[in-house]
Amino acid sequence: MDYNSQRKPFFYDITLRDGNQALKKPWNTDQKEIIFKELVKLGVQAVEVGFSGSSDMDFEACQRLASIAPDNIVIAGLARAVEKDIIKVAEAIKSANKPRIHTFIAMSPFNMKYVLKKDPMDVRKTAVEAIKYAKSLMGEKGEVQFSVEHFGDCADNLNFVIDSLHECIEAGATTINLPNTVERNRPFELIRLVEKVKMALPDNIIISAHNHNDLGMATATTVESYFVGATQLECSLNGLGERAGNTNMYEVAIALHNSGVEVPLNLSQIYETAILTAEMANVPICEKAPLIGEDALAHRSGIHQDGAVKTQNMKKGAYRPIHPSLIGRDDAEKYGFTSQSGKTALYEIIKSKGYPITVEETIRLVPIAKEQAEKYGELPVESIEDIYIKEIFEVDGPFKFISFKKADNTDNDIFNLKFSYKGQEYNETAEGDGPLETCLNALEKAGFRQKLVHYEQAAFGEETKGAQADAMTVIQFETQDGKVITCRGKDPSTQKANVKAIFNGLNLIYTE
Ligand code: KIV
Ligand code: ZN
């Protein structure tokens with residue numbers, strides 16, 4: 001059967017109930033209201049606002065949220081299949097435009113026998129009576145949802161469950177929730193059961209998926225449940241919920257979106273919601289959490305960095321499931337330089353700090369950065385900046401610059417250059433067209449002729465120093481074997497920047 005044609009998923013949030021009941025300090029009314037407003041911005045279709053029978057505080061919270069809920073959102077409250085819980089929910093959510101009582105009882109053989117200690121037929125009767133009662137309180141305005149708690153453990157009594165569900169529907173339930181209350185098996189086991197129930201029940205009944213994440217596969221189970229007919233997807237923000245949590249709403253939404261399903265949520269709201277929820281719940285987001293984790297956009301291996309950079313402005317990236325902006329993340333993909341990284345990351349990091357560098361220059365820095373990364377692990381950006389300044393602007397080698405001064409007080413460009421090469425001092429006076437040419441002429445006189453093929457000067461550090469920016473000279477020399485070497489010098493004085501660039505170039509050439 002094709003259940004997928006144009007069927008919009010219905011996002012039913014359980015953060016304020018299943019998520020909240022698992023918090024070390026459950027939220028009070030004001031805190032719940034903050035999360036609720038975030039859920040409204042996210043655009044969920046239904047919110048289970050709480051378990052009003054569990055405490056006076058939760059009853060009050062459910063009442064408040066029901067009273068401020070927009071008309072288009074279903075407001076549900078959870079009740080055990082007992083009269084007093086059902087009354088509490090009905091009372092708490094009565095001001096909502098779309099109220100729903102969600103009642104449940106376990107139907108797995110194990111739970112009925114050892115926890116409820118009840119005969120299956122009694123369990124069925126309890127469920128049916130609870131639904132009838134809830135329906136009588138909801139009247140025409142509201143709905144009743146029924147959950148088969150521990151449905152994931154019902155493979156051996158599925159026929160009993162299906163027969164019971166027919167009676168539950170007869171009693172007034174319109175949404176049937178099939179929770180994997182404890183995730184014990186592979187997703188396919190549960191999906192097969194969901195599909196069987198879907199096929200056995202009338203088409204107008206909404207099938208709902210509610211999966212706990214004990215083995216880390218709740219997202220997969222929920223997504224695949226959708227494709228076998230579950231329309232209502234019960235998820236929580238940041239995956240909050242009992243034990244290892246519930247199904248993470250963001251992962252389900254994005255997986256469906258990537259599968260071409262129209263997802264009725266404001267996806268760009270996800271990241272903001274995740275950060276706020278983590279703060280409110282006092283449950284930090286794991287740095288490796290899919291989509292929202294701090295490190296979820298980081299690339300550290302050279303191959304991944306290369307692919308990521310080549311596709312970073314494209315909608316589809318080589319090494320990411322989505323463009324981060326889809327979920328409202330404005331931080332871009334990050335490149336961390338480790339001993340496993342390569343030139344692409346180094347180039348990107350240096351460029352991202354506003355520094356000029358060529359690919360050839362980057363290649364020269366890679367072994368130096370790798371050596372440090374091997375010792376210390378991922379290099380902080382400041383360490384990379386230090387390497388860059390040292391290796392590009394203070395190149396070590398056999399040449400040591402001493403001084404470059406005008407040799408007379410005429411207008412002619414006659415300069416005296418002092419420097420040493422391998423410890424031997426040189427002192428040459430030369431003339432030329434401007435200080436740069438004069439410096440090169442003085443070097444030629446000392447026996448170190450260089451062929452200049454490119455020269456330019458620009459400001460360096462404008463972004464950080466503003467008007468105080470250094471002058472930067474970029475020079476290219478062509479060596480005897482035809483290789484072009486790029487070298488740079490920076491100094492507040494343009495003339496000194498030129499001379500420094502020349503000596504950095506000499507040290508590069510003569511070190512090679
Ligand atoms: O996990 C579960 O079975 C539940 C039910 C109460 C729906 O949370
Ligand atoms: Zn649950």
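In each ligand, atom 1 is the first atom listed, and ligand 1 is the first ligand listed.
Side-chain atoms of Glu333 and His299 form a donor-acceptor pair, as typed in the model, at a separation below 3.5 Å. No hydrogens or angles considered: a donor-acceptor pair under 3.5 Å links the side chains of Ser208 and Glu234. A donor atom on one side chain and an acceptor atom on the other are found under 3.5 Å apart for Thr29 and Glu60. For the residue pair Arg100 and Gln145, a side-chain donor N or O sits within less than 3.5 Å of a side-chain acceptor on the partner.
Listed by chain and residue number, the protein N/O/S atoms under 2.8 Å of the Zn ion (ligand 2) are Asp18 OD2, His210 NE2, His212 NE2, with waters left out.
Nearest approach of Phe337 to Lys370, heavy atoms of both residues: CE2-N, 3.7 Å.
Protein residues with any heavy atom under 4.0 Å from ligand 1: Arg17, Asp18, His102, Phe104, Ser147, Glu149, Asn177, Pro179, Thr181, His210, His212.
Using a cut-off of 4.0 Å between Lys/Arg side-chain N and Asp/Glu carboxylate O, Glu195 and Lys198 are scored as not salt-bridged. The pair Lys37-Glu33 meets the salt-bridge criterion, since a charged nitrogen lies less than 4.0 angstrom from a carboxylate oxygen.
The backbone N or O of Asn28 lies less than 3.5 Å from a partner atom in the side chain of Gln31, making a donor-acceptor pair. Side chain of Asn248 to backbone of Glu251: a donor-acceptor contact under 3.5 angstrom is found.
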